[in-house]
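Keep in mind the model is a prediction, meaning the values are calculated, not measured. Numbering of residues begins at 1 and proceeds along the displayed sequence.
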Amino acid sequence: KFPLQGRIRKQNVRSYDIDNVDMFLCFKPGDIVLAWVLKIAGSSSKDWVLSTSEVEHGVLIAECEQSGEMMIPWNFTTMQCPITKVEEKWKVAKPIEA
């Protein structure tokens with residue numbers, strides 16, 4: 001478990017309704033995402049192919065575009081800014097507690 005950069009393909013965002021995935025409603029640049037590493041295509045971390053297809057995978061930490069504050073998970077598809085109360089769409093992770 002360590003931070004790295006990678007690519008998430010549309011077909012690896014979730015396991016259902018793949019044709020209707022809108023990447024802009026799932027992730028934004030700079031998000032911290034919990035994901036499986038599916039493939040390492042080269043020596044650069046940009047060559048890592050990631051998957052968030054399981055319910056426990058998705059965005060863990062995101063920044064509000066308006067306030068710059070860290071968003072709070074609201075449900076599986078929404079995070080809310082604690083300052084502005086603005087809700088934004090994401091593919092939110094639901095980590096399984098040990």
Of the non-hydrogen atoms in [X] and [Y], which two are nearest, and what is the gap between them?
| X | Y | result |
| --- | --- | --- |
| E65 | E88 | N-OE2, 3.4 Å |
| L34 | E56 | CD2-O, 3.5 Å |
| A93 | L60 | CB-CD2, 3.7 Å |
| C26 | V59 | O-CG2, 3.5 Å |
| M23 | V13 | SD-CG2, 3.4 Å |
| M70 | P82 | O-CD, 3.3 Å |

Which value, rounded to the nearest 0.5 Å, describes the distance between [X] atom [atom1] and [Y] atom [atom2]?
| X | Y | atom1 | atom2 | value |
| --- | --- | --- | --- | --- |
| E63 | C81 | CD | SG | 10.0 Å |
| L50 | I8 | CG | CD1 | 5.5 Å |
| M71 | I61 | CE | CD1 | 13.0 Å |
| D31 | W90 | CG | CH2 | 6.0 Å |
| K91 | L25 | NZ | CG | 14.0 Å |

Legend entry - By side-chain contact (heavy atoms from CB on, under 4.5 Å) - contacts of T78 (at least two apart): W74, N75, E87, K89
Legend entry - Donor-acceptor under 3.5 Å (S53 side chain, N12 main chain): no
Legend entry - ILVMFWY network linking F27 to W48, side-chain heavy atoms under 4.5 angstrom: yes
Legend entry - Other residues, nucleotides, ligands: >12 heavy atoms within 6.0 Å of K10 NZ: yes
Inset, instruction - Not counting sequence neighbours, which residues clear side chain to side chain donor-acceptor pair (under 3.5 Å) with Q66? List them please. - result: none
Inset, instruction - Write out all pairs satisfying salt bridge (charged side-chain N to carboxylate O under 4.0 Å, His left out) with one or both partners inside residues 13-24, taking only residues at least two apart or from two chains. - result: R14-D17
Legend entry - Pair T84-C64, side-chain contact (heavy atoms from CB on, under 4.5 Å): steps then yes or no: CA-CA 9 Å; T84 65; C64 177; 4.1 Å; yes
